[in-house]
**Q** 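This is the structure I have questions about; it appears just below.
Per chain, numbering begins at 1; letters A, B, ... match sequence-line order.
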Amino acid sequence: MGFWEPLFFWIFAFGALATSCAVIVMRNPLYCALTLIADFFCFAGLYVLLSAHFLAVVQILVYGGAIMVLFLFIIMLLNLRGKNLEPNRFQIHYVLASIAGVLMFVFAGWAIFSAVDMETVAEERAQYAECVEVVEEAAETEAVDDAEYGACVALVGEPDEWVPHRVDSQIPNLSADASEEAVEEEYVHRLRQWKAGTATPAEGKYPSFDPDRTFELPPSLEPDPEPADVVPGREGLYGTFKPVSMMLVNRFVIPFELTAILLLASIVGAVILAKRRVT
Amino acid sequence: MAWVSTLGTYWEPTLAHFLLLSAAVFCIGLVGVMVRRNAIIVFMSIELMLNSVNLTFIAFARYRFEMDGHVFAFFVMAVAAAEAAVALAIVIHVFRHKRGVSVDDLQELKY
């Protein structure tokens, strides 16, 4: 992963935590809304680090743009001041609620750290780096221990199909180190599997209700026939606009339409609620 | 120098880092919902919690090399937009009746 990616993770993580705390601590709702916008930008940065480029853009457009403009507009419109702001004195339920929140966080952290073992993660990383060295050395000198070389190739792959920095961790370790290239390669591999009909429903990818019946789409809705050929020279697909929209209009088309109906209903409801009198 | 290697282990973000961050932001939002009396800030705290859930969805999607989580996060965003529109309309309505947006003014439904 290198140096810069973790650095930006920590910057965005602490930014998100700090701005979240500011949102619930600030007395004036206007400052709360402004720090919340900063918070959404931090989240967008984290989405980019997770290769979710489309959602990062949507986060900024929809959350940082549309929703927060709505909030700011309402705050300015109401113009709260004086007795409508919260009293600036200590109250006992602040402490009680904070204790409850900390307890909940401790519970969540306990649940996560009972599943993760950072020592195993460190071991896996060290083993991986060692194997990369072995394979690289073998490519240069041709004189290595066969058994060791075979084990290392099984871990990191052949040098000609090299995917930098990939660790296939199993669920209990929750480490999932993978570079951008590795994520995209794995995703394209899965798409091909599904296209060839070799993906099993247990993998959770496009299962049909009847496992014996093949799931066919009209040609206009077919996903990328050969994902690698769509953008020559670049297999960058994971997290971009195209696969997300493909899933929206293929597998998730009914929830998508229901969301549209929900948005329409909420628009009508908001208008009716905000009107002084409905005649 | 044992702490340097320990720090190195935790320096690179893994799925656990994202899950912990998301849990922390969720708990902060939860405290905000419980503590604040201003209805607008309560809604902002709810947005915070929805965002942390989105982060969990996307982190797991990346971990599994699949994109279903992205679609779910997309739906969560759409629902949050709808919720914000209706909630702010309710806030305006409440402000007209009570001349304030404190949730302490709205206790009629409690009894």
**Q** At a heavy-atom separation under 4.5 Å, does Ile67(A) approach chain B through its side chain, its backbone, both, or neither?
**A** side chain
**Q** Show the nearest heavy-atom pair for residues Arg36(B) and Ile24(A), with the distance to one decimal.
**A** NH1-O, 3.0 Å
**Q** With a 4.5 angstrom heavy-atom cut-off, could you sort out which part of Ala97(A) is near chain B: side chain, backbone, both or neither?
**A** both
**Q** With rounding to the nearest 0.5 angstrom, report the CG to CZ distance, Leu77(A) to Phe95(B).
**A** 8.5 Å
**Q** Among Thr259(A), Leu78(A), Leu264(A), which residue forms the greatest number of heavy-atom pairs with chain B at distances under 4.5 Å?
**A** Leu78(A)
**Q** Fit a plane to each ring of Phe256(A) and Phe75(B), take the angle between them on a 0 to 90° scale, and name the class: parallel (under 30°), tilted (30 to 60°) or perpendicular (over 60°).
**A** tilted
**Q** Kindly compute the distance separating OG (Ser22(B)) from CZ (Phe43(A)), expressed to the nearest 0.5 Å.
**A** 7.0 Å
**Q** Please look at Leu30(B) and chain A and tell me whether the side chain, the backbone, both or neither of the residue comes under 4.5 angstrom of a heavy atom of that chain.
**A** side chain
**Q** Chain A heavy atoms under 4.5 Å from Ala87(B): which part of the residue, side chain, backbone, both or neither?
**A** neither
**Q** Checking heavy atoms, do the side chain of Phe40(A), its backbone, both or neither come under 4.5 Å from chain B?
**A** side chain
**Q** Taking every heavy-atom pair that is under 4.5 Å apart, which of Phe252(A), Phe54(A), Phe107(A), Phe73(A) has the most such pairs with chain B?
**A** Phe252(A)
**Q** One pair to check against side-chain hydrogen bond (donor to acceptor under 3.5 Å, both in side chains): Asn54(B) and Gln59(A). What are the steps and the verdict?
**A** CA-CA 10 Å; Asn54(B) 272 354; Gln59(A) 170 87 4; 4.8 Å; no
**Q** Can you tell me how far CG of Leu21(B) sits from CZ of Phe12(A), rounded to the nearest 0.5 angstrom?
**A** 12.0 Å
**Q** Give, as side chain, backbone, both or neither, the part of Ala33(A) having an atom under 4.5 angstrom from any heavy atom of chain B.
**A** both
**Q** List the steps and the verdict of ring pair (Phe, Tyr, Trp, His ring centres under 6.0 Å) for Phe9(A) and His17(B).
**A** CA-CA 9 Å; Phe9(A) 168 78; His17(B) 288 74; 5.8 Å; yes
**Q** Which atoms of Ile74(A) come close to chain B, meaning under 4.5 Å heavy atom to heavy atom: side chain ones, backbone ones, both, or neither?
**A** side chain
**Q** Given a strict heavy-atom distance threshold of 4.5 Å, which part of Ser20(A) is in contact with chain B: side chain, backbone, both, or neither?
**A** both
**Q** Within this structure, what is the CD1-CZ distance for the pair Ile41(B) and Arg27(A), rounded to the nearest 0.5 Å?
**A** 10.0 Å
**Q** About how many Å separate CZ of Arg62(B) and OH of Tyr47(A), when rounded to the nearest 0.5 Å?
**A** 15.0 Å
**Q** If you count heavy-atom pairs under 4.5 Å with chain B, which of Leu46(A), Asp39(A), Ile75(A), Leu263(A) comes out on top?
**A** Leu46(A)
**Q** Could you look at Phe57(B) and say if it's the side chain, the backbone, both or neither that has a heavy atom under 4.5 Å from chain A?
**A** neither
**Q** In terms of heavy-atom proximity below 4.5 Å to chain B, should Ala13(A) be classed as side chain, backbone, both, or neither?
**A** both
**Q** Select one option (side chain, backbone, both, neither) describing which atoms of Phe26(B) are under 4.5 Å from chain A's heavy atoms.
**A** side chain
**Q** Once rounded to the nearest 0.5 Å, what's the spacing between atom CE of Met68(A) and atom CE of Met44(B)?
**A** 5.0 Å
**Q** Given that the side chain runs from C-beta out, which part of Leu70(A) has a heavy atom under 4.5 Å from chain B: side chain, backbone, both or neither?
**A** both
**Q** Under 4.5 Å from any heavy atom of chain B, what part of Val25(A) do you find: side chain, backbone, both or neither?
**A** backbone
